[in-house]
2 protein chains.
Amino acid sequence: MNQNNKPTIKDVSRKAGFSITTVSQILNHKGQRFPPETQRLVQAAAEELGYVANFSARNTRLATQQRTIGVLVPQIQNPFFGNLFRGIQDYIYNEAIDAILVSTDSDQRKAHRYLEHLIQRSVDGFIIATQLDSQDPLLQKLQRMHIPYVLLDQNEGDEVGDQIIVNEQQGGHLVAEHLAAVKQGPIILVVPQQQSSNIQTRIAAVRAGLAQHQIPAAAIYDYQVADLTKLAGTAVGKQIMADFAGVSALTIWAVDDEVAIGITKAIQQAHKQIPATVKLMGYDDTDYAEYLNLTTIHQPITTMGHKAAELLKERLEDPTRLRQVIINDVKLIQRGSTK
Amino acid sequence: MNQNNKPTIKDVSRKAGFSITTVSQILNHKGQRFPPETQRLVQAAAEELGYVANFSARNTRLATQQRTIGVLVPQIQNPFFGNLFRGIQDYIYNEAIDAILVSTDSDQRKAHRYLEHLIQRSVDGFIIATQLDSQDPLLQKLQRMHIPYVLLDQNEGDEVGDQIIVNEQQGGHLVAEHLAAVKQGPIILVVPQQQSSNIQTRIAAVRAGLAQHQIPAAAIYDYQVADLTKLAGTAVGKQIMADFAGVSALTIWAVDDEVAIGITKAIQQAHKQIPATVKLMGYDDTDYAEYLNLTTIHQPITTMGHKAAELLKERLEDPTRLRQVIINDVKLIQRGSTK
DNA sequence: ATGAAAGCGCTAACAT
DNA sequence: ATGTTAGCGCTTTCAT
């Protein structure tokens with residue numbers, strides 16, 4: 001028994017009456033040379049003690065290790081990131097990789113703390129889906145330390161790590177096309193205060209598309225949310241409903257579904273009808289968008305998780321290979337909220 | 001450089017021109033006895049090489065280790081479990097514990113595979129929120145191996161592990177009271193095919209409460225779902241809408257919010273109105289219930305995660321202490337779907 | 001058929 | 001002020 005009072009290989013060896021070597025060999029399926037009786041005795045002793053090899057000791061010794069990666073998401077309560085994680089998990093568990101998940105609450109400071117913590121824990125790599133500036137010192141630290149990372153969804157500016165990105169240009173364009181087609185009254189864009197580069201691209205593409213359709217800038221209003229949550233969405237929603245109380249027709253696009261879903265509530269509370277008086281559109285195609293009849297842009301998030309894990313695994317295996325960037329197409333999902 | 005071409009303490013020692021001991025001491029903040037210049041040189045060398053102590057080697061040696069626990073949930077895409085994980089995370093990161101999360105897709109076989117995998121990885125303990133029979137051989141294995149675990153939410157029969165449970169008796173009673181108060185037409189109960197013991201309790205309490213209100217058993221219909229997902233909910237929902245197509249008033253309770261949300265869609269597609277023609281009620285108070293105006297029973301899920309982590313941590317520290325069972329109260333959240 | 005011994009990377013007691 | 005040495009639990013080479 002060691003300090004954790006877990007049985008060690010020594011305990012098994014003593015109990016079985018064979019050397020440590022013999023036990024190790026048999027337990028690692030390299031004991032063909034031992035007579036069946038010996039094998040049985042060793043197995044029995046291990047079983048009886050409830051022995052399992054100490055992970056750290058084993059990994060210290062072994063050339064081919066069980067790997068551990070860190071996964072950073074802004075909000076694990078958001079099913080969008082739940083699905084992302086599912087995609088990651090599906091891939092890694094066939095590759096002897098475990099994932100330590102961390103939800104940062106979209107808080108840069110927390111993200112930093114967790115990232116730092118996981119570096120100290122010497123994880124083998126990262127999948128980062130939280131907003132990190134491409135100039136973020138921690139990203140540079142990862143580079144200096146040769147810890148591979150895959151940036152996902154919320155990042156575009158980084159020029160070093162492997163990346164999974166979505167075609168925001170296309171997404172923004174699809175939004176604009178659809179808004180132009182269904183538009184009624186003024187158009188309201190609900191965007192975040194802090195914009196990662198991909199979101200900037202998305203919004204810029206929306207504006208460009210709207211301009212193409214000759215929609216005057218004066219007919220477009222901007223509202224900001226502090227973070228991408230339902231709560232924040234409801235808050236701006238109320239503001240919008242108040243500001244446009246007298247207006248009988250409105251068109252709203254929110255930068256993501258969570259915010260759009262939050263706005264939904266404000267619209268109801270203002271006794272307006274979707275889509276009759278307010279057309280509403282989101283972005284992401286979260287699991288719940290379908291049940292809220294929300295028109296949105298679909299991102300293949302589970303697949304993206306899968307691919308991110310794959311990129312990281314391959315990078316782990318070949319640190320010198322060329323930088324990979326995978327771009328995903330998106331599509332418009334039209335539902336009742338803009339009928 | 002070792003086999004992962006990560007720098008080791010040896011590399012740092014060589015580069016700094018001091019012994020391994022000196023480096024180790026200084027890097028672990030135990031180097032007060034060394035002159036500032038030495039400390040500086042060592043820090044600089046470590047920094048330059050991007051050195052971080054190998055986790056496994058360090059943990060092999062140290063008495064007071066960084067711990068790792070396994071967290072099993074049925075569906076991480078379900079925000080209910082996202083919030084659970086948030087609660088767990090909040091607690092453990094102040095306790096030098098990391099969590100490996102695994103989402104089992106409500107699949108017993110997967111749950112078994114992952115649990116087995118994590119045992120082999122010699123994690124220090126488990127928080128289990130997936131449905132596992134109290135007689136499950138893996139639970140017994142955990143007991144034999146003295147690996148502590150906390151059972152959560154979906155389990156009641158186990159007589160060994162620490163537990164966080166909710167007062168299902170109370171929950172079922174609240175459901176029945178509310179159904180009786182708002183009821184119109186026949187009452188439909190949508191329940192899972194496979195019922196863990198807590199869900200059995202919940203459902204039994206609903207039936208008992210209904211009986212108390214003199215509602216004849218003939219006016220209560222049962223429908224079953226294969227799993228607790230929105231998809232399964234929509235499927236039964238369609239069946240219900242078909243079976244009761246001619247009926248102008250209906251009352252439905254679903255065993256959880258996900259299923260209720262799924263049913264929502266079937267009701268819409270059948271062009272029925274909630275709550276005018278169909279009253280609908282769920283269970284869990286998932287984040288989205290509020291935005292879908294779903295009447296439900298609130299479970300303090302984040303707090304439960306927090307407490308589960310706390311129980312596990314304390315158990316890790318004192319394996320012999322008395323078994324703990326924490327019971328959580330629930331409450332009725334009345335919303336538009338039963339107005 | 002079995003075991004002794006070396007060594008993975010690290011920390012810490014104990015010299016010097 | 002610094003280094004030598006032992007040892008954590010494990011796997012593996014090499015004897016016997």
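Below, chain A is the first sequence line, B the second, and so on; all start at residue 1.
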Find every protein N or O atom lying less than 3.5 Å from an N or O atom of nucleotides 12-16 of chain C, and list the pairs.
residue, atom, partner, partner atom, Å
C:dA12, OP2, B:Lys30, NZ, 3.0
C:dA12, N6, B:Thr21, OG1, 3.0

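In this structure, CD of B:Gln66 is placed 16 Å from C1' of C:dC10, rounded to the nearest angstrom. Distance, A:Leu27 CG to D:dG9 C1': 13 Å, rounded to whole Å. Here C:dG9 presents its C1' atom at 6 Å from CG of B:Asn54, a figure rounded to the nearest Å. When the P atom of C:dG3 is taken as reference, atom CD1 of A:Ile9 falls 12 Å away, rounded to whole Å. Atom-to-atom, CZ of B:Arg14 to P of C:dG9 comes out at 11 Å; the value is rounded to the nearest Å. For B:Gln120 and D:dC10, the CD to P distance is 13 Å, given to the nearest whole Å. One atom, CG of B:Asn59, and another, P of D:dC10, lie 13 Å apart when rounded to the nearest Å. To the nearest angstrom, C1' of D:dA1 lies 13 Å from CD of B:Gln32.
Salt bridge absent: A:Glu48 and B:Arg144 never bring a charged side-chain N and a carboxylate O closer than 4.0 Å. Residues B:Arg67 and B:Asp98 are not paired through a salt bridge, judged by the lack of any N-O separation under 4.0 Å between the basic side chain and the carboxylate.
Candidate nucleotides D:dC10, D:dG9, D:dG3 were compared by shortest atom distance to the side chain of A:Thr60, and D:dG9 ranks first. Among C:dG9, D:dG3, C:dC10, the nucleotide with an atom closest to any side-chain atom of B:Ser19 is D:dG3.
Every pair passing ring pair (Phe, Tyr, Trp, His ring centres under 6.0 Å) that includes a residue from residues 85-110 of chain B is listed here, sequence neighbours excluded: A:Tyr114-B:Tyr93, A:His117-B:Tyr93, B:Tyr91-B:His306.
Looking at heavy-atom distances under 4.0 Å, B:Phe55 makes no contact with the nucleic acid at all. Residue B:Thr38 is classed as a sugar-phosphate contact, given heavy-atom separations below 4.0 Å to backbone atoms only.
B:Glu37 pairs by the salt bridge (Lys or Arg N to Asp or Glu O under 4.0 Å) definition with B:Arg40, not counting sequence neighbours. Applying the salt bridge (Lys or Arg N to Asp or Glu O under 4.0 Å) test to A:Asp107 and every residue at least two apart in sequence or in another chain returns nothing. Among residues two or more places apart in sequence or in another chain, the side chain to side chain donor-acceptor pair (under 3.5 Å) test is passed with B:Gln143 by B:Tyr149. For A:Asp105, the salt bridge (Lys or Arg N to Asp or Glu O under 4.0 Å) partners are A:Lys110, B:Arg86, not counting sequence neighbours.
Here A:Tyr51 does not reach the OP1 or OP2 of D:dG9: none of its side-chain N or O atoms lies under 4.0 Å away.
Residues B:Ala57 and B:Thr22 each lie close to DNA chain D; by heavy-atom proximity, the contact nearer the 5' end of the strand is made by B:Thr22.
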